[in-house]
Every structure is written in C-alpha cells, then in structure tokens.
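See below for the structure under consideration.
All chains are named by letter (A, B, ...) in the order of the sequence lines, taking the proteins before the strands, and each is independently numbered beginning at 1.
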There are 2 protein chains.
Amino acid sequence: MPEKDPTTPRERYRTQVRAEVKEHAWEQIAESGASALSLNAIAKRMGMSGPALYRYFAGRDELITELIHDAYRSLADALGAASASGADVPGLAHALRGWALEDPHRYFLVYGTPVPGYHAPDEITAIASEMMALLLDAYAALVPDGAATPFGTHLEEHRGWADGHAAPPAALHRALSFWTRLHGVLSLELAGHFTGMGFDPALLFAAELDDLLERGGRSTT
Amino acid sequence: MPEKDPTTPRERYRTQVRAEVKEHAWEQIAESGASALSLNAIAKRMGMSGPALYRYFAGRDELITELIHDAYRSLADALGAASASGADVPGLAHALRGWALEDPHRYFLVYGTPVPGYHAPDEITAIASEMMALLLDAYAALVPDGAATPFGTHLEEHRGWADGHAAPPAALHRALSFWTRLHGVLSLELAGHFTGMGFDPALLFAAELDDLLERGGRSTT
DNA sequence: AGGTTTCGTTAGAAGCTATCACGGCGCCTG
DNA sequence: CAGGCGCCGTGATAGCTTCTAACGAAACCT
C-alpha cells in the first residue's frame with residue numbers, strides 16, 4: 001500500500017495532465033516548430049475539446065514559456081551531467097552539441113529568434129548563470145592567468161554576471177567566446193545555412209573548438 | 001514629359017502597391033516581429049479590405065519569402081558597398097554589425113529560427129554566395145597561404161560553395177570562422193541574451209574580430 | 001452523505017488565412 | 001472615340017486559431 005502522500009489526488013492528476021500536454025506540445029514542436037503550436041490541436045489529440053486546456057495553462061504564452069523553461073533546464077542538466085562525470089572544456093562542448101542535435105527545435109526555443117514582448121523571468125536567468133558557472137569552472141581549471149586582453153580588463157569591471165565566481169578575467173573572456181562561437185556554428189548548422197555547401201559541419205565545430213582550446217588552454221603542459 | 005516607358009500604367013500601379021504593402025509589412029515586423037505579421041492588418045492600414053491583397057501576393061508565405069529575399073539583398077548590398085569603398089576584413093565586419101543593429105528583426109529574418117517547411121530558393125543561395133565571394137576576396141588579400149589545418153584540407157575537397165573562387169583553403173576556413181563567430185556574437189546580442197550581464201557587447205564583438213584578425217592576417221607586415 | 005471545488009463541456013466573440021463570385025473601373029484596341 | 005476585355009476591390013463564406021463565459025457533472029474532503 002502506498003505511503004502517505006502529501007499531494008492530493010487532484011494535484012497528482014493535475015500535474016499528470018500538465019505533463020501530458022507538454023509531451024504533446026514537444027511532439028508538435030518537433031514536427032512543425034514552435035510557431036505552429038496549437039492548443040486546440042493538442043486538446044484534440046488528447047481526446048478533449050479545446051477550452052479544457054485553459055484549466056491547466058493560462059494560455060498559449062504560458063505553455064510556451066514553460067516549454068522554454070524546461071528546455072533551459074534540460075540543457076543545464078545535460079551540461080551538469082557532463083561536468084559531474086569529469087568533462088573538461090571540450091567535454092562540455094561535446095555535450096552542448098549533442099543536446100542541440102538531439103532536438104533542433106528545442107535549441108531554437110532557447111537561442112532562436114526571441115518573441116517581441118517576451119522578457120526572461122528570473123528563474124531562467126538563474127539557469128543561464130548556472131550553466132555559465134559550469135563553464136567558468138571548466139575554464140578556471142584550464143586557464144593559467146591569461147595575458148590581460150583589453151576586453152578582459154573591461155570584463156573585470158563588469159563581472160556581475162559571473163555571480164561571484166573567482167575565475168580570472170581571462171577565463172571570463174574565454175567562457176564568453178566559447179558560448180558565442182559554438183552558438184554561431186550550431187545555430188547556422190541547425191538552421192540549415194550549411195546545407196548544400198558540401199563540407200561537414202561537425203568538422204567545422206571541431207575546428208572552432210580546437211581554436212578555442214589552442215588559444216585558451218596552454219596551462220596543462 | 002516622361003520618356004517612353006515600356007511598362008504599362010497597370011504594371012506601374014501594381015509594383016507601387018506591392019512596394020507599399022512591403023513597407024507596411026516592415027513596419028509591422030519592426031514592432032511585433034515576423035510571426036505576428038498579418039495581411040489583414042496591412043490591408044486595413046492601407047485603407048482596403050482583407051482579400052484585396054491576394055491580388056498582389058499569393059499569400060502570407062509569399063510575402064514573407066519576398067521580405068526574406070529583400071533582407072538578403074539589403075545585406076549583400078551593404079557588404080558590397082563597404083567592399084566597393086575599399087573595406088578590408090574588419091571593414092566588412094563593421095558593415096555587418098551596422099546592418100544588424102539597424103533592424104534586428106530583419107537580421108533574424110535572415111539568420112533566425114527557420115520556418116519548418118521552408119527551403120531557400122536558388123535566388124537566395126545565389127545572394128548568399130555573392131556575400132561569401134566578397135568575404136573571400138577580402139581574405140584572399142590578407143591570408144599568406146596558411147598553414148594547412150585539418151579542417152582546411154577537408155575544405156579543399158569540398159570547396160564547391162566557394163563557387164570557383166581561387167582563395168586558398170586557409171582563406172576558406174577563415175571566412176567560415178568570420179561568418180560563424182560574428183553571427184554568434186550578434187545573434188546573442190540581438191536576442192537579448194547579454195542584457196543584464198553588464199558588459200558592452202560592442203567590445204565583445206571587437207574582441208572576437210581582433211581574434212579573427214590576429215590569427216588569420218599576419219601577412220600585411 | 002452533503003457541500004464545495006474542480007473539471008470538461010458547449011456556445012460564442014474576435015481574429016486570422018484564403019477562396020469565391022460579383023460589380024465596376026480602367027486600359028488597350030479596333 | 002467607343003467598345004470590350006481584363007484587372008481591381010468588395011462582400012460573403014469556410015475553416016482555422018485563441019480565449020471567455022456559463023453550465024452540468026463528477027470527484028474530493030469534511
């Protein structure tokens with residue numbers, strides 16, 4: 001017999017339905033993208049009629065916001081798992097690319113074209129800085145101390161986003177480059193801008209990663 | 001008195017209306033993004049009723065496709081103008097950033113989240129390779145011959161996208177890095193992922209550009 | 001067992017894309 | 001210059017969407 005559960009049956013049912021809605025939402029996004037996500041279609045696929053879903057989500061916007069949150073959480077978990085099993089900088093890069101290729105639409109939910117009115121809630125910026133902390137950890141273990149670049153000194157005066165992390169400015173700079181460069185390659189690859197060009201995007205990604213390492217990680221001699 | 005014009009009055013009227021529709025579309029995109037673009041709203045703003053626009057555009061998709069085309073054209077022209085007035089690699093980078101900041105939504109129309117079913121027509125890939133040619137020109141004038149990177153040799157076997165350009169493989173590699181890295185910074189900046197972090201995105205862009213140059217352009221001693 | 005809360009329904013308003021049939025104006029030609 | 005062909009804009013209509021409102025029924029808690 002089940003242990004005493006502080007959650008009422010109604011609550012459990014509610015969260016279960018919400019999860020099922022999200023599941024259908026992800027399927028629909030995977031086939032047609034987030035812009036084509038339809039509450040009506042989800043409801044019909046679940047065997048109930050349109051407005052029923054408004055008992056569970058305030059509207060389309062709230063559902064999408066929650067999907068974005070879950071996507072962020074999923075990415076942070078993927079990077080966290082890699083980091084926990086001892087991944088270094090290239091390990092994190094590999095985890096990032098794996099996560100991106102696993103579901104391109106999910107990647108674009110996080111890093112794609114922003115919705116005009118949307119402003120990220122604190123919960124999401126917290127996840128973002130959680131990922132940044134992972135990256136800074138990996139770079140702090142790698143960077144010697146770093147010749148101060150002009151941008152590095154600028155960062156030293158604006159390191160609030162590092163959230164008290166003790167990484168040297170050179171590591172901050174490297175982490176930012178890691179982020180922007182790999183996003184650059186991944187974004188263009190997933191958006192299909194490389195299709196028809198013939199070369200292997202994986203090799204371009206690897207080349208960018210090599211460049212990132214050659215430049216920032218010469219301390220582990 | 002006007003010179004003899006091979007275009008009939010009807011044709012002129014037609015192209016004029018089409019241009020006006022696009023103008024309103026750009027305004028609407030600038031305030032609410034491309035996903036919120038509404039033929040109906042445009043028609044009303046122009047003082048005519050909904051279905052009238054279907055005389056000028058087959059549908060919403062055709063209008064958006066044409067806006068994307070115009071955006072590509074605009075970017076290629078911006079880069080072309082810079083190139084024509086003697087801009088080198090950093091000059092092209094500056095032109096790119098200027099164009100991007102001028103209208104972020106237009107940037108995302110080109111490089112943002114792709115629409116699921118959409119496949120770029122030949123006309124657009126032609127513009128893309130036109131821009132790539134500009135970039136390759138600038139790099140060919142800069143790169144010595146380049147120590148062959150592994151990815152460089154891979155590119156040598158898959159250089160179809162360079163469209164017969166005589167640039168050495170190192171230049172191809174550098175041009176690709178230019179593209180992906182600057183897109184990485186710009187994309188994250190325009191999407192607002194740097195807001196609240198405190199540092200100046202322009203300096204990060206400049207730092208990435210410096211890195212791009214330091215590595216690829218040491219021939220101009 | 002009764003009362004309250006929550007669920008799912010149908011109905012409806014407002015918006016959108018897109019198609020159709022119709023009337024009228026404008027352009028080109030005879 | 002007048003006739004006729006063709007294009008333009010309209011209203012009506014179908015079908016889709018989000019989202020609100022009111023109602024009945026079911027399930028939960030006391």
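Rounded to a whole Å, the CD atom of A:Glu11 is 13 Å from the P atom of D:dC28. The interatomic distance linking A:Arg14 (CZ) with C:dT6 (C1') rounds to 9 Å, in whole Å. Per the geometry, CD belonging to A:Gln16 stands 13 Å off P belonging to C:dC7, to the nearest Å. Between the CG atom of B:Leu37 and the C1' atom of D:dT17 there is a distance of 17 Å, given to the nearest Å. Counting to the nearest Å, the C1' atom of C:dC16 and the CD atom of B:Gln28 are 12 Å from each other. In this structure, the NZ atom of B:Lys44 is 10 Å from the P atom of C:dT17, given to the nearest Å. The interatomic distance linking A:Leu39 (CG) with D:dC19 (P) rounds to 6 Å, in whole Å. Between the CG atom of A:Asp61 and the C1' atom of D:dT17 there is a distance of 14 Å, rounded to whole Å.
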Pair A:Glu208-B:Arg181, side-chain contact (heavy atoms from CB on, under 4.5 Å): steps then yes or no = CA-CA 9 Å; A:Glu208 284 297 291; B:Arg181 291 186 194 177; 2.7 Å; yes
Reading nucleotides 24-30 of chain C from 5' to 3' and marking B where a protein heavy atom lies under 4.0 Å of the base, S where only the sugar-phosphate is that close, and - otherwise, the string is --BSS--
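The backbone N or O of B:Ile29 lies less than 3.5 Å from no partner atom in the side chain of B:Ser32, so there is not a single donor-acceptor pair. A distance-only check finds a donor-acceptor pair linking the side chain of B:Arg159 to the backbone of B:His165 [under 3.5 Å]. Put simply, the side chain of B:His154 gets close to the backbone of A:Asp200: a donor and an acceptor are under 3.5 Å apart. Counting only distance, with no hydrogens or angles, the side chain of B:Arg45 and the backbone of B:Val21 share no donor-acceptor pair below 3.5 Å.
Under the rule for a side chain to side chain donor-acceptor pair (under 3.5 Å), the partners of B:Arg18 that lie at least two apart in sequence or sit in another chain are B:Glu66.
Look at B:Ser38 and you won't find any side-chain N or O under 4.0 angstrom from OP1 or OP2 of C:dG15.
Of all the residues in residues 46-58 of chain A, A:Gly47, A:Met48, A:Ser49, A:Pro51, A:Ala52, A:Arg55, A:Tyr56 reach under 4.0 Å from DNA chain C with at least one non-hydrogen atom.
Ranking D:dG9, D:dT17, C:dC7 by closeness to the B:Tyr13 side chain, first place goes to D:dG9. Comparing atom distances between the A:Asn40 side chain and each of C:dA18, C:dC7, D:dT17 picks out D:dT17 as nearest.
Between the side chains of A:Ser38 and A:Gln28, no donor-acceptor pair is found at a separation under 3.5 Å.
Taking 4.0 Å as the cut-off between side-chain N and carboxylate O, A:Arg97 and A:Glu102 do not count as a salt-bridged pair.
Between B:His158 and A:Gly198 the shortest heavy-atom distance is ND1-O, 3.6 Å.
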